Amino acid sequence: MLQQLSAPIKQYLVITGNYWSFTLTDGALRMLVVLYFHQLGYSPIAIASLFLLYEVFGVVTNLVGGWLGARMGLNKTMNVGLFLQIVALLMLAVDPQWLSVAYVMVAQALSGIAKDLNKMSAKSAIKLLVPKEQDGVLFKWVAILTGSKNALKGVGFFLGGLLLTQLGFQGALWFMSLMLLVTWVLSLILLKQDLGKKKHKPKFSEMFSTSKQVNWLSAARLFLFASRDVWFVVALPVYLASVFGWDHWWVGGFMASWVIAYGLVQANAPKLLGKQRSSSQQAFIWVALLTLIPAVIALALWSQWYTQVSIIAGLLIFGAVFAINSSLHSFLIVHYADADGVSMDVGFYYMANAMGRLVGTILSGLAYQYGGLVSCLLISSALLLLATLLTHGLQRHTR
């Protein structure tokens, strides 16, 4: 089997390597922007607004990108994404006087397009490499890809804090641009196969999924990721810096450690879940459990019960349970997706994922500014309750 799939596997490994390289810059850029503009005195709402177009264009890119991947091939969408990220980094590496909110939002929009083109390409490719009816193998490959990506994103958070301290904002951006330029040149040389290209040219109207399973899962994914980002994107880094008094090193290092641990749990989810690992029933059980965790953390903060311990321990528990939820979702969408033009179903699903990040990012700035971290956590639990109800609906359609 490996000999028969040797050429696609080589292409997939190149795609995965590119995705990892891109992920480092994406995580680092996120931490750079949050810490740098907080240092300049921007409010939580203003910082959240910097990522608004990043998430908006992520929604559009996943929907249109899946269609483009089916028409053009995943190698081309990967290369376009890499190039756009380089442009976004160079746009921000200008004189600080140019860095108005509107200007940074446009640069972040390009970065959002680039990120989701890369993610869609990598996640779609794996469907084509695993023989049908081998769900255990498929789950394992998806878990390894997703977990390693998130671990590297955590390294990127740490890299962002380190580069900001050592090279400054502009220096860090130039360094990452050069690193990604090397990856882009290698990608142009090595990515040659039109992996994921649909047998017939899909119409633009075919972008929206007609599968009930994909639609229910996508809706659950939206609220799942909104529940994470409502307190993780803006509220938590600003809280750690302003309330705990942590410097860039500590904030970046802690966020990095959390995401790395989160990625490791994701990668090992098949082992942790056992024989029932791939079912929609397992997805329902784990999201129901996750719903309780932010509410418990909020109660501890409201009662001022060992605040630092409650946040750190609660965040670690939330991350582990969230990682298993995310890994189950990542397997289920690849499992449900149609093999011919897989990028279209995957793109639609990650469009919902991006919509969840958009909702979470907006709520993170608003809720933290007007209600503090406790309000962010309570909103997180409410969003998870909606994800639980939608996952229950998925179970019915799966049966």
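Please read all numbers here as calculations on a predicted model, not as lab measurements.
Both Val259 and Ile312 belong to a single network of hydrophobic side chains, linked directly or stepwise wherever heavy atoms of I, L, V, M, F, W or Y lie under 4.5 Å apart. In terms of hydrophobic clustering, with Ile, Leu, Val, Met, Phe, Trp and Tyr side chains grouped at heavy-atom distances under 4.5 Å, Phe318 and Trp305 are assigned to different clusters. Hydrophobic clustering (side-chain heavy atoms under 4.5 Å, transitive across Ile, Leu, Val, Met, Phe, Trp, Tyr) keeps Leu385 apart from Phe225. In the hydrophobic clustering of this structure, Trp20 does not group with Phe22; members are Ile, Leu, Val, Met, Phe, Trp, Tyr whose side-chain heavy atoms approach within less than 4.5 Å, directly or through other members. Under the 4.5 Å side-chain contact rule for hydrophobic residues, Phe169 and Leu50 share a cluster.
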Between Leu24 and Met176, is a side-chain contact (heavy atoms from CB on, under 4.5 Å) present by the stated rule, with each step listed? CA-CA 9 Å; Leu24 280 172; Met176 292 193 297; over 6 Å; no
Where do Ile311 and Leu373 land on the side-chain contact (heavy atoms from CB on, under 4.5 Å) test, with the steps shown first? CA-CA 10 Å; Ile311 290 179; Leu373 189 59; 3.8 Å; yes
Output, in order, the C-alpha distance, side-chain angles, deciding distance and verdict of side-chain contact (heavy atoms from CB on, under 4.5 Å) for Phe51 and Val34. CA-CA 9 Å; Phe51 299 102; Val34 170; 3.6 Å; yes
Assess whether side-chain contact (heavy atoms from CB on, under 4.5 Å) is satisfied between Thr307 and Leu301, documenting all intermediate values. CA-CA 6 Å; Thr307 303; Leu301 293 184; 3.4 Å; yes
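Using a 4.5 Å heavy-atom threshold, the side chains of Leu236 and Leu315 count as touching. In this structure, Asn353 and Leu222 have side chains that are not in contact, with every pair of non-hydrogen atoms separated by 4.5 Å or more. In this structure, the side chains of Val56 and Met105 stay at 4.5 Å or more apart for every pair of heavy atoms. Contact of the Met91 side chain with the Tyr103 side chain is registered, since non-hydrogen atoms from C-beta on lie closer than 4.5 Å. Counting only heavy atoms from C-beta outward, the side chains of Phe322 and Ser227 approach each other to under 4.5 Å. Looking at heavy atoms from C-beta onward, Leu173 lies in side-chain contact with Leu29 at the 4.5 angstrom threshold. Between Tyr36 and Leu164 there is a side-chain heavy-atom pair separated by less than 4.5 Å. Between Gln281 and Ile285 there is a side-chain heavy-atom pair separated by less than 4.5 Å.
For the pair Leu377 and Pro294, the tightest heavy-atom approach, listed with the atom from each and the gap, is O-CB, 3.4 Å. The two residues Ala387 and Ala220 have their closest heavy-atom pair at CB-O, 3.8 Å. When all heavy atoms of Ala235 and Cys376 are compared, the pair lying nearest together is CB-SG, 3.8 Å. Minimum interatomic distance between Phe37 and Leu99 (heavy atoms only, all atoms of both residues): CE2-O, 4.2 Å. Across all their heavy atoms, Leu163 and Ala172 have their closest contact at CB-CB, 3.5 Å. Closest of all the heavy-atom pairs between Gln266 and Ala323 is CG-O, 3.2 Å.
Atoms CG and CD, from Asp95 and Gln170 in turn, are 7.5 Å apart once rounded to the nearest 0.5 Å. Distance CD1/Ile189 to CH2/Trp184: 10.5 Å, rounded to 0.5 Å.
Residues that satisfy the side chain to side chain donor-acceptor pair (under 3.5 Å) test with Trp231, not counting sequence neighbours, are absent from this structure. Contacts of Ser177 classified as side chain to side chain donor-acceptor pair (under 3.5 Å), with partners at least two apart in sequence or in another chain: none.
A cation-pi arrangement is absent between Arg221 and Tyr349 under the rule of less than 6.0 angstrom and at most 45 degrees off the ring axis.
For CH2 of Trp258, the number of neighbouring non-hydrogen atoms (other residues, nucleotides, ligands) closer than 6.0 Å is greater than 12. A 6.0 Å sphere centred on OH of Tyr42 holds more than 12 heavy atoms belonging to other residues, nucleotides or ligands. Around the OH atom of Tyr306, the shell of radius 6.0 Å holds no more than 12 heavy atoms that belong to other residues, nucleotides or ligands.
Of the candidates Phe244, Trp246, Phe254, Phe244 is the only one forming a ring-ring contact (aromatic ring centres under 6.0 Å, His included) with Tyr239.
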Extract all donor-acceptor atom pairs below 3.5 Å that involve side chains of residues 79-88 and protein atoms in other chains or at least two apart in sequence.
residue: Asn79; atom: OD1; partner: Ser187; partner atom: OG; Å: 2.2
residue: Asn79; atom: ND2; partner: Asn75; partner atom: O; Å: 3.3
residue: Gln85; atom: OE1; partner: Ser111; partner atom: OG; Å: 2.9
residue: Gln85; atom: NE2; partner: Thr25; partner atom: OG1; Å: 3.3

